[in-house]
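Labels below follow one simple rule: chain letters A, B, ... track the order of the sequence lines, proteins then strands, and each chain is numbered from 1. Quick caveat: nothing in here was measured; it's all calculated off a predicted structure.
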2 protein chains.
Amino acid sequence: MDSAIARDQALDAAETLFYGRGIQAVGMDDIRGASGVSLKRLYQLFPAKEQLVVAYLERRDIRWRQRLADHVAGHEDPGRRVLAVFDWLGEWFREPDFRGCAWINSYGELGATSERVTAQVRTHKQAFKDYLAGLVRDAGLPSDLAEQVYLLAEGAMVTAGIEQSGPKPAEQAGRAARMLVEGHGGTVGH
Amino acid sequence: MDSAIARDQALDAAETLFYGRGIQAVGMDDIRGASGVSLKRLYQLFPAKEQLVVAYLERRDIRWRQRLADHVAGHEDPGRRVLAVFDWLGEWFREPDFRGCAWINSYGELGATSERVTAQVRTHKQAFKDYLAGLVRDAGLPSDLAEQVYLLAEGAMVTAGIEQSGPKPAEQAGRAARMLVEGHGGTVGH
DNA sequence: CGTGGGGGAGAACGCACGTTCTCCCGCTCG
DNA sequence: CGAGCGGGAGAACGTGCGTTCTCCCCCACG
């Protein structure tokens, strides 16, 4: 059954196009052209565009958090791990096709229109916040800090998207996070 | 010349509808219906929808920064002024029709499509950042802090929009900002 | 070899919407 | 009073796009 392959190709095209040009600016026909998957098959796999959008966000969510977790796992010191998040954000921002946070952008585009998209955005952000909360807890830091680190990360993502200024927002957010961690008695191996 | 009045009415309708439902979800006909300004007149005042969008963002920018500045001006202590920004954000988030930051949402919707909208979003965010930089400088704090406070504010705005959780993100961001200010030797009258 | 069903290509359909055009009213100025 | 024009209501036009339909090919099975 190569419908699994077709599904992957469709999602690959969706990810490139939706992320790069915005969701409403991309038609189902563009997805077909970029993926080589016929319209008929596309509509078998995803009965409506909205479901393709949600599937795109879901798959990207999995991959995004995995990449982050992989990077963070490269550090041993629990205090350092919290800050490693910002290193990774900087790497992400540096990528040439970086255009901001896919979920924030999608929310801006469809948050008022599509409940399913909104739900997916909230799910993703909650998962990210929970992940940070785990890192903060493991470092023996107070739980309030998790939310504060989260806000810094979100601010860095929005700003990096709008300014297209590369990793700078992540570095600045990382310095702020370091101050907050040390202010709470945290220690940070270099 | 009541074309000034028609312009205001058009912009009032545009602000309510674009902000509340998203820009692409609102047609020029909806603007006409909500404003009472005929299509003919609308197109005299704004030769294309994009220009109405930009005008909406510009007018909102002026008003938004004025409201913020008015609130902050109610505090005497320069250190306290920096934190007053977050008090005001909390008040804003509490408003019943709050749906996130209009510029962040517009960027998500049209950033990939419309250069003019992107330019307006960057202008607004730069003005906000400059304003914060002034507050930080007046408080005798290092200029790096301005960017950090800015990132916290952006993070709070995005999060408040997505979560619809009221003033909490602003309060948490305010606590973080307070720690950063105090960590830099700033003093904060209560 | 015949047949039937799954799939591809792309036309067709319906609708939404940005923009323009038509028609007509009412006011203003001579 | 009469001519002309600015403006309102809304139809019309063109296009884009989500979704479905038509037609045809190809291959598995009797």
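Taking the six-membered ring where tryptophan is involved, the planes of B:Trp64 and B:His124 are perpendicular, since the angle between them exceeds 60° and thus also 30°.
Listed candidates were D:dG8, C:dG18, D:dT19. Nearest to the side chain of B:Met28 is C:dG18. Listed candidates were D:dG10, C:dG18, D:dG8. Nearest to the side chain of B:Lys40 is D:dG8. Side-chain proximity of B:Ser38 to D:dG8, D:dT20, C:dG8: nearest is D:dG8. Of the candidates C:dT22, C:dG18, C:dA9, C:dG18 carries the atom nearest the B:Lys49 side chain, counting heavy atoms from C-beta on.
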Residue pair B:Glu154, A:Thr159: steps toward the side chain to side chain donor-acceptor pair (under 3.5 Å) verdict
CA-CA 8 Å; B:Glu154 292 297 312; A:Thr159 299; 5.0 Å; no
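Separating the CG atom of B:Asp29 from the C1' atom of C:dT20 is a distance of 13 Å, rounded to the nearest angstrom. In this entry the distance linking CG of B:Asp30 with C1' of C:dC17 reads 9 Å, nearest Å. With rounding to whole Å, B:Leu42 atom CG is found 13 Å from D:dG7 atom P. Regarding B:Ile23, its CD1 atom lies at a distance of 15 Å from the P atom of C:dC17, rounded to whole Å. Between the CZ atom of A:Arg32 and the C1' atom of D:dT19 there is a distance of 13 Å, given to the nearest Å. B:Phe46 has its CZ atom 16 Å from the C1' atom of C:dT19, to the nearest Å. Whole-Å rounding puts the B:Ile31 CD1 to D:dG10 P distance at 18 Å. The CZ-P distance, from B:Arg21 to C:dC17, rounds to 10 Å in whole Å.
Judged as a ring pair (Phe, Tyr, Trp, His ring centres under 6.0 Å), and not counting sequence neighbours, the contacts of A:Phe98 are A:Trp92, A:Phe93.
Mapping A:Leu39 and A:Gln24 onto DNA chain D by nearest heavy atom places A:Gln24 closer to the 5' end of the strand.
The side-chain tip of B:Arg60 points at the ring of B:Tyr19 from less than 6.0 angstrom away and within 45° of straight on.
Within 6.0 Å of the CZ atom in B:Arg116, the count of heavy atoms belonging to other residues, nucleotides or ligands does not exceed 12.
Heavy atoms of B:Val26 sit under 4.0 angstrom from primed sugar atoms or phosphate atoms, though from no base atom.
A donor N or O paired with an acceptor N or O is not found under 3.5 Å between the base of D:dG6 and the side-chain atoms of B:Arg41.
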